[in-house]
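Okay, so here's the structure we're looking at.
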Amino acid sequence: MADIIQLLPDHVANQIAAGEVVQRPASVVKELLENAIDAGADVIKLIVKDAGKTLIQVIDDGKGMSVTDARLSFERHATSKIRNADDLFKLNTKGFRGEALASIAAIAHVELKTKQDTDDVGTCIVIEGSEVTSQDVVVTPKGTSISVKNLFFNIPARRNFLKSNTVELRHIIDEFHRVALAHPSISFSLYNNGSETFNLPVSNYRQRIVNIFGNKTNEKLVPVEEDTEVLKISGFVGKPEFAKKTRGEQYFFVNNRFIKSAYLNHAILSAFEGLLKNGTHPSYFLNLEVNPQTIDINIHPTKTEIKFDDEHTLYAILRSAVKHSLGQFNIAPVLDFERDATLDTPYNLKGSRTEAPKIEVDSNFNPFQESKPPREQQNSSFKKAPSEHWESLYVGLESKSNGSASNFSELTFESEESTSSLFETKVTPDKANATYQFHNKYIISAIKSGMLIIDQSRAHQRILYEDFLKDITVKEGVSQQLLFPLQLHFSSQELEIVKQLQGDLEHTGFVFSNVTEESIEIKGVPVMVPESEISIILEQLISDVQNEVPDANFSATDLLAKSMAKSLAIKTGQSLQKDEQEHIVNKLFACKEPNVSPTNRVTFITVGVDELDKKFI
Ligand code: ADP
Ligand code: MG
């Protein structure tokens with residue numbers, strides 16, 4: 001039989017490719033604006049007629065093209081932006097596929113005028129349906145002007161498929177906003193049917209947002225800043241009371257590129273939890289800066305989706321940064337009793353503002369004591385701070401809330417619908433009241449509105465868990481040397497697990513001297529681990545790892561912290577001294593998420609005086 005496979009002619013291949021790149025006029029706008037930015041333009045002008053169906057023109061003052069490049073730019077896979085596959089992983093340009101101009105020229109009438117700074121004259125190329133119809137020398141300013149007329153002139157089905165001018169213009173303006181928001185240091189203007197719709201001068205980010213969305217926006221913005229090794233965040237979120245019924249103003253930019261991410265959007269929503277009216281959506285304008293090698297922008301042809309290496313961490317940092325900003329600006333309480341059970345709190349924000357409020361201790365003050373020195377504890381894993389007292393609960397809070405809330409009970413929400421039941425009960429421990437241990441299981445104390453009952457074991461687990469997580473992620477667990485190194489034997493399977501966790505264990509304070517095929521030698525352990533408990537802790541850890549069903553939220557560090565907290569926490573049945581009880585209460589309420597144990601069990605309840613009163617009727 002005869003051979004039947006043929007190579008498609010270029011113009012047909014281009015038309016097919018165009019289907020992917022150019023869905024509507026707005027796609028052309030996006031490609032042309034991005035090319036202008038890649039060309040280093042300072043001023044970019046966009047002109048459209050009939051929502052881009054008749055004309056889309058982009059004029060820039062960028063670096064322009066040589067005669068040869070001008071011609072080559074319309075070839076498929078012709079790009080100046082990457083040279084080899086490696087370049088794909090260090091992209092700092094918008095384009096890289098070299099497909100846009102070829103695709104656009106396949107389905108429209110295109111005129112390109114371009115001139116480089118060093119040249120006296122420029123080049124003008126007219127190309128229609130991939131056919132170059134003319135190429136001339138022209139007098140034109142430095143930079144590039146590309147006009148695209150009669151889009152889809154040769155694919156009537158696509159042209160008919162376009163929506164009304166109102167809808168298509170909406171899409172164009174959306175693209176224009178995205179590009180303009182990502183580049184406040186470039187001046188942009190947009191002319192629609194001869195009239196100027198936007199004129200955005202060079203400005204800072206806040207001004208750019210205000211210039212686009214109107215002066216009223218200014219008062220609605222809350223700054224968000226965070227700088228960690230893996231992620232730098234800058235930008236703004238809208239105050240909750242201005243949240244919109246539609247999901248309009250939600251912008252993520254990753255390395256100056258607009259992206260859509262349902263996952264990161266969820267991080268923001270969870271930071272706003274409890275602050276939004278039902279059915280409203282918060283606004284946000286957030287720039288995320290990550291190492292280009294840790295993202296893959298290549299998974300979607302129109303490039304608004306992106307794949308991150310470590311989405312889970314980004315989620316946690318983003319959520320915490322937004323939460324913190326809302327708290328700092330007094331929009332939400334700083335002490336947050338809401339817990340998202342699926343997530344660890346990110347503790348790797350070393351030196352950042354998200355750390356738990358500091359407890360300042362007046363070491364001379366002990367409300368329960370005559371003046372006896374605190375009892376020494378030898379064999380307990382329990383670190384005590386005997387002189388911490390209820391007052392210390394407020395020290396961190398005051399400074400965190402811009403001085404406007406002088407104590408916990410005065411912390412209020414700014415937006416009306418944001419009260420949570422826990423806050424209504426106002427957990428305000430009464431300074432004058434001692435703690436009381438009940439059945440060697442609960443610690444009881446008075447609060448303004450009634451009674452606070454804390455489960456001692458769960459509370460201590462929460463405290464240790466947050467301590468360990470911090471040690472692991474901030475990498476500063478303090479170690480104590482063992483007098484004699486301890487050798488522990490494990491099966492090869494168990495050892496494999498220990499090796500996987502070795503790095504994290506070391507951050508908590510473990511020091512391993514010799515790890516072989518069947519044993520490990522331990523030279524040092526975290527200060528809070530008594531020597532007698534070492535093997536039990538590791539065995540518990542191994543069994544926890546083996547029993548864990550890894551899912552999307554699985555994190556080895558989280559599990560390690562949970563497991564160690566469980567092993568070391570004081571147990572039900574253990575009798576506690578007064579100062580130990582106080583220590584637990586103080587430390588618990590300095591935790592980020594005091595109301596649940598690491599395994600999501602309730603750590604304390606409150607019983608209101610009114611509830612008690614009812615019982616005495
Ligand atoms: P890509 O942007 O993926 O490289 P395009 O088809 O959009 O592919 O553009 C092809 C090439 O044409 C670019 O790599 C660039 O060298 C050149 N080019 C396109 N637009 C401009 C412009 N406005 N100014 C200068 N050069 C441009
Ligand atoms: Mg391009």
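Just follow the structure's listing: the first ligand is 1, and inside any ligand the first atom is 1. Residue numbers start at 1 and run along the sequence shown.
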Any heavy atom of Asp69 under 4.0 Å from ligand 1? The part involved is neither
When you check the gap from the basic side-chain N to the acidic O, do Lys53 and Glu168 get nearer than 4.0 Å? no
Hey, does Asp38 come in under 3.5 Å of ligand 1, counting only N/O atoms on both sides? no
Here the atoms of ligand 1 under 4.0 Å from any heavy atom belonging to Ser73 are 10 (C), 12 (O)
The atoms of ligand 1 lying under 4.0 Å from a heavy atom of Ala100, numbered in the order shown, are 6 (O), 7 (O)
For the rings on Phe213 and Phe285, is their centre-to-centre separation under 6.0 Å? yes
Within the structure, does Leu101 bring an N/O atom to less than 3.5 angstrom of an N/O atom in ligand 1? yes
| Using 4.0 Å as the upper bound for N to carboxylate O, is an ion pair formed by Glu466 and Lys470? | no
Under 4.0 Å between heavy atoms, the region of Thr144 that gets near ligand 1 turns out to be side chain
Quick note, side chain to side chain donor-acceptor pair (under 3.5 Å) partners involving residues 106-126, not counting sequence neighbours, are His109-Asn150, Thr114-Thr144
Inset, instruction - Compute the centroid of each ring, for Tyr251 and then for His177, and state whether the two points are separated by less than 6.0 Å. - result: no
Please confirm whether Lys63 approaches ligand 1 to less than 4.0 Å, judged on its heavy atoms. no
- Query: Can the positive tip of Lys45 be found less than 6.0 Å from the middle of the six-membered ring of Tyr191, inside 45° of the ring normal?
  - Reply: yes
Subject >> Heteroatom N/O/S of Thr79 within less than 2.8 Å of the Mg ion (ligand 2) >> reply: no
